[in-house]
Amino acid sequence: MERSSLLTVVLVWAFLWISAIHADSKDDEKLLCTCENGKGTCMNGTCKGHICFYSWVHGHEERGCFSEVIYKEQCYSKFERLFMHCCRENLCNAFTTPPSNIKPTPTPPELNRPELWITLSLLLLITTASMCGLVLFLRFRRAHGRNDVHGDHDVTILKVPDGDDPTYGDIFDEFCTSGSGTGLPYLVQRTMARQISLVQCVGKGRYGEVWRGTWMGESVAVKIFSSRDEQSWFRETEIYNTVQLRHDNILGFIASDMTSKNSSTQLWLVTHFHELGSLYDFLQYSSLEPESCLRMCLSVACGLVHLHTEIVSSQEKPAIAHRDLKSRNILVKRNGQCCIADLGLAVIHSQSHDYLDVGNNPRVGTKRYMAPEVLDETIRMDVFESYKQTDIWALGLVFWEISRRTIVNGIVEEYCPPFFDMVPLDPSFEEMKKVVCVDQQKPSLHNRLHSHPILSAIAKIMKECWYQSPPARLTALRVRKTLSKLDHDSDFSIEKLKRDI
Ligand code: ADE
């Protein structure tokens, strides 16, 4: 048995060896690898690259080529239930299979039938026999001192799973505590994205559509970008994949994927799903107590501080300005906190690395939320601080939307967008400019707000976000500090009240 499988393997390798020599004579640099037709540069079942790979993620197999540039991140990933094999010989990924000690996916009830068990056992036997053959062959090769011409060893990283199916949070934790820490390798992102079933469309707009999907039984949000907004997909994908952005108040990224469907390109961004939807949707049907209003405002400020702050330690992160902050781009979480979404227009700045990257997205922010210096076009586009200051203007407007829906003395206002009483629906640039720059109008604040310690403090913050002069506005950090203090003080007075009773 062992001898025959050894013979088979030797014959296969002899064939590969001849093919390898043949391919090398055509191209010194690159290897010939097995791949799936229709994917990337795959032609006639082969592609050319510096490394061949075989991947197995939850039963989904893929073979192909990696370039020298990306193979480290892809091949050296460590993840339960992902089997990754990278090798540096022609067609070396042709016959790779996942080892049998990978936990099979839960057995569906029909598999209890005896004939299926027999088939399964036979399959297992054949796989084990081939593996033994392969191991013997590799030992044989090593014993006979064949040198690896490229110097690198084949890379096979496998962690045998020991628990239940992982959540995408588990998968992220696996990757984020090792490697580059910015998220999942592209191949895993793509594999995950292609295992998602779209369930229900939860939003539609000029940007495209947002769907609730499921991945391994868990809900995920899938934003499908309209083709005219592809630059936003590129920008958001770039930022999430290069910047360490894991934060409670920033929408959690899972994967990005680009596919070709009927000769058009489909662009997906997969993120955490929040069933309460956007802050805009939430405020339509919910009113808040002052403490919940404070919690929401504080969480948005925390998210914005994280974006705006450059971190220079080992967990380094450039500063990011959002440029399209609004209630539709904020999601409400079950714990009453919010998280900021849509980084498609963001600008990136690093003082330590001395760069300002404004991207090349033709999109502009939402007119209703534009700061006076954007509307009158006096904004200093070469200065990063300017973009942060426009975010603060919009932050004040978001606080205003939340505060209108907050009950004080039994009074609450209906939901209205900022400047609802001064401009029409879908206002033009000129209409906004007249109200915000020429007339210098600010949204009005209801009197009830001044009679509550939390709401009066939030009203004061709003006013300080709306100075015509951008540098006079509060910073996100100052807003967060003031709100945090308010939060501690209100906790303290609630505790004191409880003690007094
Ligand atoms: N709408 C837009 N993004 C969403 C998300 N991540 N979860 C739920 N609803 C959304």
Side-chain angles (χ1 to χ4, degrees), residues 167-169 172 183-184 189-190 192-241 245-261 264-286 296 299-300 303 307 322-335 337-346 361 363-366 368-369 394 398 401 415 417 426:
T167 60
Y168 49 72
F172 249 101
L184 303 176
Q189 288 185 35
R190 193 170 71 171
M192 281 176 83
R194 289 166 197 199
Q195 292 173 339
I196 290 169
S197 316
L198 298 180
V199 178
Q200 184 191 9
C201 181
V202 296
K204 214 175 167 112
R206 275 173 246 183
Y207 61 84
E209 292 175 353
V210 177
W211 285 72
R212 181 175 80 81
T214 53
W215 182 79
M216 303 302 295
E218 270 190 279
S219 283
V220 293
V222 181
K223 184 170 173 182
I224 305 175
F225 287 71
S226 67
S227 55
R228 66 176 195 172
D229 202 16
E230 63 172 28
Q231 284 304 327
S232 297
W233 178 85
F234 277 107
R235 188 60 165 172
E236 196 155 16
T237 297
E238 178 189 12
I239 292 178
Y240 271 124
N241 278 305
L245 264 186
R246 304 282 286 170
H247 188 277
D248 279 350
N249 308 116
I250 305 292
L251 178 61
F253 169 75
I254 298 172
S256 242
D257 190 35
M258 177 192 273
T259 48
S260 186
K261 194 180 163 195
S264 74
T265 308
Q266 274 223 344
L267 303 170
W268 281 23
L269 185 87
V270 185
T271 61
H272 291 183
F273 182 76
H274 297 291
E275 69 257 37
L276 295 177
S278 73
L279 178 60
Y280 175 87
D281 296 333
F282 178 83
L283 293 176
Q284 308 297 314
Y285 57 82
S286 315
M296 279 198 160
S299 66
V300 180
L307 280 183
H322 189 285
R323 292 177 70 207
D324 198 14
L325 193 66
K326 56 178 177 176
S327 53
R328 286 182 191 271
N329 282 341
I330 294 171
L331 294 158
V332 179
K333 306 204 294 182
R334 246 183 291 176
N335 65 3
Q337 292 197 22
C338 294
C339 61
I340 298 174
D342 190 353
L343 300 173
L345 202 56
N361 197 336
R363 170 181 151 197
V364 290
T366 306
R368 192 179 288 279
Y369 289 82
V398 169
E401 290 171 84
Y415 174 81
D426 198 13

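Numbers for residues simply follow the sequence, beginning at 1.
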How close do [X] and [Y] get, heavy atom to heavy atom, and via which atoms?
{"X": "L251", "Y": "A341", "value": "CD2-CB, 3.7 Å"}
{"X": "L325", "Y": "I340", "value": "CD1-CG2, 4.0 Å"}
{"X": "S278", "Y": "S327", "value": "CB-O, 3.9 Å"}
{"X": "A193", "Y": "D257", "value": "CB-CB, 3.6 Å"}
{"X": "W233", "Y": "S256", "value": "NE1-OG, 3.5 Å"}
{"X": "R246", "Y": "H272", "value": "NH1-NE2, 4.1 Å"}

Within-4.5 Å side-chain heavy-atom neighbours: [X] and [Y]:
{"X": "Y240", "Y": "I250", "value": "yes"}
{"X": "F253", "Y": "L269", "value": "yes"}
{"X": "V270", "Y": "W215", "value": "no"}
{"X": "S232", "Y": "N361", "value": "yes"}
{"X": "L307", "Y": "L245", "value": "yes"}
{"X": "E230", "Y": "T265", "value": "no"}

Side-chain donor/acceptor of [X] to backbone N/O of [Y], under 3.5 Å:
{"X": "Q266", "Y": "T259", "value": "no"}
{"X": "H247", "Y": "N249", "value": "yes"}
{"X": "Q200", "Y": "R212", "value": "no"}
{"X": "E209", "Y": "K204", "value": "no"}
{"X": "H322", "Y": "L345", "value": "no"}
{"X": "D324", "Y": "G344", "value": "no"}
{"X": "K333", "Y": "D248", "value": "yes"}

Hey, are S226 and D229 close enough side-chain-wise for a donor-acceptor pair under 3.5 Å?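 There is no such pair (donor and acceptor under 3.5 Å, judged by atom type) between the side chains of D229 and S226.
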Go through the structure and list residues passing salt bridge (charged side-chain N to carboxylate O under 4.0 Å, His left out) with E275, not counting sequence neighbours. R334
Go through R206 and D426 one step at a time and tell me if the salt bridge (Lys or Arg N to Asp or Glu O under 4.0 Å) criterion holds. CA-CA 13 Å; R206 275 173 246 183; D426 198 13; 3.8 Å; yes
Atom CZ of R235: over 12 foreign heavy atoms under 6.0 Å: yes
Rounded at 0.5 Å granularity, tell me how far [atom1] in [X] sits from [atom2] in [Y].
{"X": "H274", "Y": "N335", "atom1": "NE2", "atom2": "CG", "answer": "9.0 Å"}
{"X": "W268", "Y": "R190", "atom1": "CH2", "atom2": "CZ", "answer": "14.0 Å"}
{"X": "N241", "Y": "E236", "atom1": "CG", "atom2": "CD", "answer": "11.0 Å"}

Test ring pair (Phe, Tyr, Trp, His ring centres under 6.0 Å) on Y280 and Y415 and set out the steps. CA-CA 9 Å; Y280 175 87; Y415 174 81; 5.3 Å; yes
Checking F225 against M258 for the side chain to side chain contact (heavy atoms under 4.5 Å, CB included) test, could you report, in this order, the C-alpha distance in whole Å, the side-chain angles of both residues, the deciding distance, and whether it holds? CA-CA 10 Å; F225 287 71; M258 177 192 273; over 6 Å; no
Output, in order, the C-alpha distance, side-chain angles, deciding distance and verdict of side chain to side chain contact (heavy atoms under 4.5 Å, CB included) for I254 and M192. CA-CA 9 Å; I254 298 172; M192 281 176 83; 3.7 Å; yes
Between L279 and M296, does a side chain to side chain contact (heavy atoms under 4.5 Å, CB included) hold up when you go through it step by step? CA-CA 9 Å; L279 178 60; M296 279 198 160; 3.9 Å; yes
Regarding R363 and D342, does a basic nitrogen lie under 4.0 Å from an acidic carboxylate oxygen? yes
Can you list the steps and then say if L331 with T271 is a side chain to side chain contact (heavy atoms under 4.5 Å, CB included)? CA-CA 12 Å; L331 294 158; T271 61; 5.9 Å; no
